[in-house]
Protein chains: 2
Amino acid sequence: MSLKHAILGLLTIQPMTGYDLKHLAFDSTIAHFWRADQAQIYRTLDSMEGEGLLTSDLRIQSERPSKRVYAVTEAGQAELLDWLRQPQSPPVYREPFLVQVFFAGMLTDAEILAHIQAHIEVHRATLSQYHDIAIPAHDDGTERDRLFWGMTLELGIALEHTYLAWLEKWQQTIRERSLTGDDSLG
Amino acid sequence: MSLKHAILGLLTIQPMTGYDLKHLAFDSTIAHFWRADQAQIYRTLDSMEGEGLLTSDLRIQSERPSKRVYAVTEAGQAELLDWLRQPQSPPVYREPFLVQVFFAGMLTDAEILAHIQAHIEVHRATLSQYHDIAIPAHDDGTERDRLFWGMTLELGIALEHTYLAWLEKWQQTIRERSLTGDDSLG
DNA sequence: CTCTTATATAGGACTTGTCTGTTATTATAC
DNA sequence: GTATAATAACAGACAAGTCCTATATAAGAG
């Protein structure tokens, strides 16, 4: 489970609550390579404390609801270091849109072009979000840390560019084929 | 569930057994965008027949074990067409290796370079498998079908090139930093 | 003569992740 | 005055996918 190790890494940098992990990390800093559901974060924190990887400290606040701040134990540190050294396989790639493209022979040119246009818009939006992450990434950590943070973001940006280039190329190709009157179902 | 719709699409092209779906499709033709577990394929076929999307025909063979050939019903065709027209969101990207890179500040240069090297090898192997798919893709279907099949494969190849370019760039960067004696933990 | 591979199907247990709903307080917007 | 958003935590139910195992036959390798 990489979620467990992502949490260990994040809490090593800074002890936090489940709420902060969700909002400051999984929804922003590391959103480009590991999103996590709120319920899953809380459940994982609870089980990790049970495993002795984390300790928690309940802080009663006067103006806000009480919060539970988690920190990494020595066992947690050891577990993280061990995992960071293990080779990881790339994830299995599963893309519903490619299933649609593969069977797009059953759709008209107009229908598949609409899907392509929608994906162009989604990927452009993702790309512009990534450019927003780029700036706050410089506020903490050593120079070497920031190098690796930038490295992850750079892949995210490069992948989005690849998607966009592919989408725009085929948008063009299908439009041209459509005009020259090849069998287009549309 | 895209698996269900991938099965509907594949069985529309050619009625098949679960075994053939696994070996001829999910492990080869469409492996670059949708892999599926054998047990999951059989379970899904069974539930889809229960939903009336498929019919099956048990063929007793003399020289091999009996097999069950599945075909798409009219309801299945309608379901597929409907799904193909619905917009799909891109999948959530989750990459364990990027978790390692993000926290690579805790590793030595040698350790992270070893991971990078391993990923370069995996992605080169994937890329060469994709080039093998490219040729058999021309044996069936209309010209328009093959256009879309090629479109899916082209994304797979482009994504692998992006990974490799990124890996090789950072391999170089980290090696150079290591030699110039910046704080490398190694 | 035994072992492995290919053909063919399927169950059990489990992990990971998703979606929805609940509870509670304070601050802000309309 | 009322509604919504932010802060804070967590349970229930489910969906999707993984891993391991069982069963059976036949062909081919050693």
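Proteins get letters first, then strands, A, B, ... in listed order; numbering begins at 1 in each. Every value quoted in this text rests on a predicted model; they were computed, and no experiment measured them.
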>> Under 4.5 Å between side-chain heavy atoms, counting indirect links through other Ile/Leu/Val/Met/Phe/Trp/Tyr residues: same cluster for Y42(B) and M16(B) or not?
In response: no
> Does a sphere of radius 6.0 Å around CD in E143(B) hold more than 12 heavy atoms from other residues, nucleotides or ligands, not counting ones at 6.0 Å or beyond?
Replying inline: no
> Given that M1(A) and K67(B) both sit by DNA chain C, which one's nearest nucleotide is further toward the 5' end?
Replying inline: K67(B)
> Looking only at side-chain N and O atoms, does Q38(A) come under 4.0 Å of OP1 or OP2 in dC10(D)?
Replying inline: no
> Of the candidate nucleotides dC20(D), dA16(D), dC19(C), which contains the atom at the shortest distance from the side chain of A39(B)?
Replying inline: dC20(D)
> Separation of L45(B) atom CG from dG17(D) atom P, in whole Å?
Replying inline: 14 Å
> I41(A) has an atom CD1; how far is it from atom P of dC19(C), in whole Å?
Replying inline: 14 Å
> So which nucleotide from dA13(C), dA10(C), dA9(D) ends up closest to the side chain of R43(B)?
Replying inline: dA13(C)
> Can you tell me how far P of dA9(D) sits from CG of L54(A), to the nearest Å?
Replying inline: 13 Å
>> Please list all pairs meeting salt bridge (Lys or Arg N to Asp or Glu O under 4.0 Å) that have one or both residues in residues 84-107 of chain A, counting only residues at least two apart or in different chains.
In response: R85(A)-E111(B)
> Just checking, any donor-acceptor pair under 3.5 angstrom between side chains of E79(A) and H5(A)?
Replying inline: yes
> Apart from V69(A) itself, which Ile, Leu, Val, Met, Phe, Trp or Tyr residues share its cluster (side-chain heavy atoms under 4.5 Å, direct or through members)?
Replying inline: none
> Among residues 16-35 of chain A, which contact DNA chain C at a heavy-atom distance under 4.0 Å?
Replying inline: W34(A)
> Between dT7(C), dT25(C), dT16(C), which nucleotide has the shortest distance from any of its atoms to the side chain of P65(B)?
Replying inline: dT7(C)
> So, is R94(A) near the phosphate of dT18(D), with a side-chain N or O under 4.0 Å from OP1 or OP2?
Replying inline: yes
> Toward the 5' end of DNA chain C, which comes first, A36(A) or R64(A), by nearest nucleotide?
Replying inline: A36(A)
> Could you give the OH-to-C1' distance, from Y42(A) to dT22(C), as a whole number of Å?
Replying inline: 14 Å
>> In whole Å, I'd like the distance from the CG atom of D37(B) to the P atom of dG17(D).
In response: 10 Å
> Quick one: which of dT18(C), dG17(D), dT25(D) gets closest to the side chain of V92(B)?
Replying inline: dT18(C)
> For the pair made of CG in L3(B) and P in dG17(D), what is the distance, rounded to whole Å?
Replying inline: 6 Å
>> Does dT25(D) have OP1 or OP2 under 4.0 Å away from a side-chain N or O of Q61(B)?
In response: no
>> Check D37(A) with R43(A), please: is the shortest side-chain N to carboxylate O separation under 4.0 Å?
In response: no
> For K4(A) and dT15(C), what is the distance between atoms NZ and C1' respectively, to the nearest whole Å?
Replying inline: 12 Å
> Would you say the side-chain atoms of Q172(B) and E168(B) include a donor-acceptor pair closer than 3.5 Å?
Replying inline: no
>> In this structure, how many angstroms lie between the C1' atom of dA8(D) and the CD1 atom of I60(A), rounded?
In response: 13 Å
